[in-house]
Each structure stands twice: as structure tokens, then as C-alpha cells.
Amino acid sequence: MSVTLDIKLKRANKVYHEGPIPLISSSIEVAKAGKIPGGKTEIPFEFPLISKGNKVLYETYHGVFVNIQYTLRCDLKRPLLAKDLSRSCEFIVHSQPQKSKIVPTPVKFSITPETLQNVRERSQLPLFLIRGHLDATSCVISQPLTGEVQVDKSDVPIKSIELQLVRVETCGCAEGYARDATEIQNIQIAEGDVGHGMPIPVHMVFPRLFTCPTLETTNFKVEFEINVVVILQDDHLITENFPLKLCRV
């Protein structure tokens, strides 16, 4: 008869918080040696979520060069002639909410050929004026990023308007640091030549696991940026970049 082993967490979203009970890296015996009867056997368990020494339990985050994961592993030791069983299950840690309140500060922007950076042939650019605002660049991670974009003028028809969320991971030590920016998600908020003077709503939900509160430690940093990208029919790419600070409240 085949035997299977599984771990089930009581919380459907698998989210847990640091403290007041912190995480320990240790083994606990949930059942003493003996015979398990046929059928389904459930063994309840719990343990405190405690960090070791002065270490910090950072929020769960799945990145490219920075990965923060918390895993449970259950081992079932069996007699000599039977193979031991092992099962792993990831659970999610949320950092403690910050106590101070966040006061949203709208950030306005105006994009013209003169405001663009790293442009070689500025004189060959079509004339355009794109205005808008983000309701805040200090954002609560559990709430969407919102704002508006408005095309006031464009000599060339618009092909697409997109929001690009970028994570910036910095890793290293005193000898040197490596900084790498990768796209997390891209959302199209307008397609085709939108009407001039018409406000286009900005709404982006921060993806779970691929974002975390902005993090800076001795050896690594995890930061985030948002790009408002306007693509013209002649494939000119117009981009406005905004650094974001994410937090949990």
C-alpha cells in the first residue's frame, strides 16, 4: 500500500507575520516513534516564528538575484526496508506594518521632446505634449498605484500607452556592487490613437511575491520604479520614469 505525506496550513493564503512570535531554524518532533494506522492521519503542530539573534525576518520576495523564501519541511522516518518520506511547503511572511501614516503626495509630470533624456536627434522627434499625475510615489503595497495620463498634443498618432513596473536589485559588498533592473509586469492602459485632452486612468495592482516593501540592508537593496511608456505609430518610444517607495501599513 502506498504512503503519501503532505503539509497543510490552516491559513488559505499562507501568509504569516513576524512577531510577536518570531521564526526559528530548528527541528521539532510532531509525533514519537510508533505505528501509524491505515487511512488518513492528521498531526497538528505549531511553532513560534522567531529570528535568530539580531537577524531580521525580511518579507517574502521572489526576485532574480535576491530571493527571500520561508519553507516548512516534514520528514517521515520509516523502517529500514521502507523509504523515508519528505515534503516541503512554502509559507509567506509579511513584514511588520510601519506605525507612521503615509500621506499621499501627488506627483505631476509633463512630457515634451525637450524633457526627454538620452535623445540623439531631438530635432527629428515629432511634437507632442503628454501630461498627467500619479496620486503617490510612496505607496502602500496592498493598494493599487493610481493616477491619470492625458495626451494634449501629438503630431504622430499614438500606438499604445503602457505602465511598466520595474524592480531594481542591488547586490554586493565592500569590494563592489552589481545593480540590475528587470521588468515585473507591463499593463496597457490605452491602445490606438487616443482622443486628445481625454484623461486616461492609471491603475496598477502590485503583484504578490514579486514585490515587497522597499528594502535596504548592508549587502543588498530591493527597490522599485514605474515607467509611463507612450509608443507612437512610427515606433518612437516616450518614457517617463518614477522611483517608487513601497511599504506595508
Side-chain angles (χ1 to χ4, degrees), residues 13 15 59-68 92 94 102 104-113 115-119 125-126 128-154 156-170 179-215 221-249:
N13 61 5
V15 172
E59 180 156 325
T60 298
Y61 167 72
H62 292 183
V64 178
F65 301 102
V66 178
N67 225 25
I68 303 171
I92 299 165
H94 280 179
I102 292 183
T105 304
V107 177
K108 296 183 178 180
F109 60 88
S110 180
I111 313 173
T112 65
T115 63
L116 297 181
Q117 305 293 322
N118 302 319
V119 178
L125 289 176
F128 57 83
L129 171 59
I130 301 166
R131 297 186 298 116
H133 72 272
L134 298 178
D135 291 331
T137 53
S138 291
C139 306
V140 178
I141 196 171
S142 58
Q143 299 176 4
L145 173 74
T146 57
E148 284 184 351
V149 176
Q150 179 173 307
V151 179
D152 285 341
K153 178 181 180 181
S154 180
V156 175
I158 302 291
K159 185 177 181 180
S160 178
I161 301 178
E162 301 169 358
L163 298 177
Q164 183 186 48
L165 182 61
V166 175
R167 61 184 164 201
V168 182
E169 298 173 335
T170 305
R179 185 177 185 272
D180 191 83
T182 53
E183 179 185 297
I184 301 175
Q185 70 179 3
N186 191 300
I187 297 176
Q188 186 182 53
I189 60 173
E191 182 179 9
D193 195 21
V194 298
H196 293 181
M198 180 180 69
I200 301 168
V202 168
H203 188 97
M204 174 180 277
V205 175
F206 296 108
R208 189 184 186 192
L209 300 183
F210 300 111
T211 55
C212 66
T214 300
L215 184 58
K221 292 193 297 184
V222 180
E223 300 167 296
F224 300 91
E225 299 174 351
I226 188 77
N227 291 326
V228 177
V229 182
V230 180
I231 305 171
L232 304 181
Q233 288 287 0
D234 62 1
D235 288 332
H236 269 110
L237 202 67
I238 304 166
T239 303
E240 186 79 356
N241 175 270
F242 302 91
L244 297 178
K245 183 177 181 181
L246 305 187
C247 64
R248 192 174 293 282
V249 297

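When reading the values below, keep in mind they use all heavy atoms of this one structure, side chains included, and skip hydrogens, waters and symmetry mates.
Closest approach of G63 to E169, counting heavy atoms only: CA-OE2, 3.3 Å. The minimum heavy-atom distance between F109 and E240, with the atom names listed, is CB-OE2, 4.2 Å. Considering every non-hydrogen atom in both P243 and E225, the closest pair reads CA-CG, 4.1 Å. The heavy-atom pair separating A136 from C139 by the smallest distance is O-SG, 3.5 Å. Counting all heavy atoms, side chain and backbone alike, D193 lies closest to P157 at OD1-CA, 3.6 Å. When every heavy atom of N67 is checked against every heavy atom of H62, the shortest pair comes out as OD1-CA, 3.1 Å.
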Problem set entry | Worked verdict on T182 versus R167 for side-chain hydrogen bond (donor to acceptor under 3.5 Å, both in side chains) | CA-CA 6 Å; T182 53; R167 61 184 164 201; 2.9 Å; yes
For this session: Kindly indicate, with the supporting measurements, whether the criterion side chain to side chain contact (heavy atoms under 4.5 Å, CB included) is fulfilled by I226 and V202.
Result: CA-CA 11 Å; I226 188 77; V202 168; over 6 Å; no
Exercise. For E59 and I68, what are the C-alpha separation, side-chain angles and deciding distance, and is it a side chain to side chain contact (heavy atoms under 4.5 Å, CB included)?
Worked result: CA-CA 7 Å; E59 180 156 325; I68 303 171; over 6 Å; no
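Among residue pairs with one or both ends in residues 183-214, none qualify as ring pair (Phe, Tyr, Trp, His ring centres under 6.0 Å); sequence neighbours excluded. Counting only residues at least two apart or in different chains, side-chain hydrogen bond (donor to acceptor under 3.5 Å, both in side chains) contacts with residues 228-238 comprise K159-D235, D234-H236.
Contact of the L125 side chain with the I238 side chain is not registered, since no non-hydrogen atoms from C-beta on lie closer than 4.5 Å. Using a 4.5 Å heavy-atom threshold, the side chains of I102 and C247 count as touching. Counting heavy atoms from C-beta on, the side chains of L244 and T137 come closer than 4.5 Å. Using a 4.5 Å heavy-atom cutoff, the side chains of F128 and I111 are in contact. Between L215 and Y61 the shortest side-chain heavy-atom distance does not fall below 4.5 Å. No side-chain heavy atom of I141 sits less than 4.5 Å from a side-chain heavy atom of H94. The closest side-chain heavy-atom distance from I158 to L232 is below 4.5 Å. A 4.5 Å side-chain heavy-atom check between T211 and L165 finds at least one atom pair inside the cut-off.
No more than 12 heavy atoms of other residues, nucleotides or ligands shown are found within 6.0 angstrom of CD on E191.
Considering CD1 of I189 and CG of L163, their distance stands at 4.5 Å, rounded to 0.5 Å. Rounding to the nearest 0.5 Å gives a distance of 8.5 Å between NZ of K153 and CG of L129. In this structure, N13 CG and R208 CZ are separated by 5.5 Å, a value rounded to the nearest 0.5 Å. Here the CZ-NZ distance, from R131 to K108, works out to 9.0 Å after rounding to the nearest 0.5 Å. To the nearest 0.5 Å, atoms OG1 (T214) and NZ (K221) are separated by 10.5 Å.
Looking at N227 and T239, their side chains never bring a donor and an acceptor atom within 3.5 Å of each other. The closest side-chain donor-acceptor pair between D152 and Q150 falls under 3.5 angstrom.
Checked against ring pair (Phe, Tyr, Trp, His ring centres under 6.0 Å), F65 has no partners two or more places apart in sequence or in another chain.
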